[in-house]
Amino acid sequence: MSAADEEAALLGLAPVAPDRTVAYGPHPDQVVDLYLPRAARAERAAEDARMADGEQRADEARVAGGAQAPAAGPPPVVLLHGGFWRAAYDRRHLSPLAAALAGQGLPVALAEYRRVGAGGGAPQTFDDVTAGLAAAVRELPGGGDPVLVGHSAGGQLALLAAARPGTRVSRVLAVAPVADLARAHALGLSNGAVAELFGDGPGLADRIAAADPVCHPPAGVPVTILHGTDDPDVPLDLSRRYAAHSPGTTDLRELPGVGHYGPVTPGSPSCHTLFAQLHRTCST
């Protein structure tokens with residue numbers, strides 16, 4: 001499949017509405033969409049019914065039925081979309097992936113964040129990811145620290161968030177990530193997207209280095225990277241450079257003949273690879 005066909009296959013999918021959306025700030029883009037497994041949806045519906053009927057009747061029903069707190073399930077999965085940090089690209093194109101993962105029993109949050117052209121850019125975008133991650137952990141069912149999954153620019157955001165002090169993440173799964181910002185800037189990827197993110201001018205190199213995943217691998221957090229060998233948007237070399245700077249903690253899996261969008265398109269063979277990686281991660 002050509003790169004254009006891969007893009008058309010993903011963007012041609014109809015967006016899937018979430019079970020709930022929660023805000024973590026006043027800006028319209030400071031929201032997280034929640035996609036719940038079937039059991040969690042049933043539990044949420046029961047809780048809503050108990051609230052509607054009143055706490056006393058809910059307590060009586062729990063006592064009569066011998067209800068117990070549900071056991072902890074798999075860790076929550078937090079998805080971060082790409083689009084080179086620009087406002088023209090939002091989270092909706094990853095909603096089919098979020099719904100597909102929830103359909104396989106994983107609690108999923110699809111996080112939005114302020115982007116360049118709509119109140120975002122460094123550091124607002126990075127701060128939003130941290131805040132959105134915290135909101136997702138509060139709202140989602142599941143046990144343990146979350147798994148961060150980021151695609152393209154979202155891969156950079158996932159790697160950076162996991163490296164921030166105080167952030168608790170069990171693992172990062174980065175798909176075609178912009179994992180070396182300095183190299184991406186030197187290549188002028190997406191018509192200078194890195195310079196747009198940080199604002200051109202004096203000190204740009206230092207600002208890039210402060211948020212460059214290749215300079216700040218997350219301590220003690222395993223990283224898996226999936227990257228197609230035929231990716232025309234984010235060269236595979238960026239992931240190879242990241243892996244070379246963090247040996248022992250990064251597992252780079254190159255996907256022969258795969259482009260930029262296949263691994264996040266439900267139904268594609270490379271997306272099955274993503275599912276398998278997540279299930280392995282969430283079952284251990």
Linking I/L/V/M/F/W/Y whenever their side-chain heavy atoms sit closer than 4.5 Å, directly or via other members, would L11 and M1 fall into one cluster?
no
Do NZ/NE/NH1/NH2 and the carboxylate oxygens of D128 and R115 come within less than 4.0 Å?
no
Output for pair (L274 CG, L97 CG), nearest 0.5 Å, gives 6.0 Å
Any non-hydrogen side-chain atom of L255 less than 4.5 Å from a side-chain atom of S270?
yes
Using a 3.5 Å distance criterion without hydrogens, assess whether the side chain of D212 forms a donor-acceptor pair with backbone atoms of C215.
no
What I'd like to find out is whether the side chain of H151 reaches to under 4.5 Å of the side chain of Y261, using heavy atoms alone.
yes
Aromatic ring proximity, centroids under 6.0 angstrom, H81 and H93
yes
Would you indicate whether F275, at its atom CZ, is surrounded by more than 12 heavy atoms from other residues, nucleotides or ligands within a distance under 6.0 Å?
yes
In Å, rounded to the nearest 0.5 Å, how long is the span from CH2 of W85 to CD of E196?
10.0 Å
Hey, is the main chain of G257 close enough, under 3.5 Å, to the side chain of T229 for a donor-acceptor pair?
yes
Is it possible for you to say whether L10 and V175 belong to one hydrophobic cluster, with membership spreading through side-chain heavy-atom contacts below 4.5 Å?
yes
Flag yes if V221 and L157 sit in one hydrophobic cluster, no otherwise; membership is Ile, Leu, Val, Met, Phe, Trp, Tyr, and two members link when side-chain heavy atoms are under 4.5 Å apart.
yes
With a 4.5 Å cut-off on side-chain heavy atoms, are V258 and D231 touching?
no
Let me check something: do V178 and L236 share a hydrophobic cluster, defined by ILVMFWY side-chain heavy atoms less than 4.5 Å apart, either directly or through other members?
no
To the nearest 0.5 Å, tell me how far L197 CG sits from S190 OG.
11.5 Å
Are F126 and V137 connected in the hydrophobic side-chain network, where two residues link if heavy atoms are under 4.5 Å apart?
yes
Check whether any side-chain N or O of Q156 sits under 3.5 Å from a backbone N or O of A179 as a donor-acceptor pair, and report yes or no.
no
Is the backbone N or O of T265 less than 3.5 Å from a side-chain atom of S268, with the two atoms forming a donor-acceptor pair by type?
yes
OG1 of T224 to CZ of R280: how many Å apart, nearest 0.5 Å?
9.0 Å
Sequence neighbours left out, what pairs pass ring pair (Phe, Tyr, Trp, His ring centres under 6.0 Å) with at least one residue falling in residues 212-255?
none
Could you go through R92 and D33, starting from their C-alpha distance and side-chain angles, then the distance that decides it, and tell me whether this counts as salt bridge (Lys or Arg N to Asp or Glu O under 4.0 Å)?
CA-CA 10 Å; R92 286 177 295 179; D33 290 338; over 6 Å; no
Any donor-acceptor pair under 3.5 Å linking the side chain of Q30 with the backbone of Y24?
no
Between R20 and E139, is a side-chain contact (heavy atoms from CB on, under 4.5 Å) present by the stated rule, with each step listed?
CA-CA 10 Å; R20 276 198 303 142; E139 297 290 338; 3.3 Å; yes
When L140 is tested against each of L36, V32, V108 for side-chain contact (heavy atoms from CB on, under 4.5 Å), which residue passes?
L36
Taking C-beta and beyond as the side chain, do V169 and D145 meet within less than 4.5 Å on heavy atoms?
no
How about L110 and S95: do any of their side-chain heavy atoms sit closer than 4.5 Å?
yes
V22 vs L34, side-chain contact (heavy atoms from CB on, under 4.5 Å): CA-CA, chis, key distance, verdict
CA-CA 8 Å; V22 296; L34 305 179; 4.3 Å; yes
Between T250 and A243 (side chain of the first, backbone of the second, donor and acceptor by atom type, cut-off under 3.5 Å), is there such a pair?
no
Evaluate the criterion side-chain contact (heavy atoms from CB on, under 4.5 Å) for residue pair T273 and L226; output intermediate values, then yes/no.
CA-CA 9 Å; T273 302; L226 303 180; 4.3 Å; yes
So, using side chain to side chain donor-acceptor pair (under 3.5 Å) as the criterion, who are the partners of D180 when residues are at least two apart?
R241
Q104-H279 side chain donor-acceptor pair, cut-off 3.5 Å
yes
Is there side-chain contact between V264 and L94, with heavy atoms separated by less than 4.5 Å?
yes
Could you state the interatomic distance from CZ (R91) to OH (Y113), rounded to the nearest 0.5 Å?
11.0 Å
Using the rule side-chain contact (heavy atoms from CB on, under 4.5 Å), only one of V223, V129, L133, L173 pairs with L148; which is it?
L133
Is there a side-chain contact between V194 and F84, using heavy atoms and a 4.5 Å cut-off?
no
Would a distance-only check, ignoring hydrogens and angles, find a side-chain to backbone donor-acceptor pair under 3.5 Å from R253 to D251?
no
Between D5 and S2, a side-chain donor and acceptor under 3.5 Å
yes
Whether T125 side chain and R114 backbone form a donor-acceptor pair below 3.5 Å:
yes
Heavy-atom check, side chain of S170 versus side chain of P146, under 4.5 Å
no
How long is the gap from CG on L238 to CG on L187, to the nearest 0.5 Å?
6.5 Å
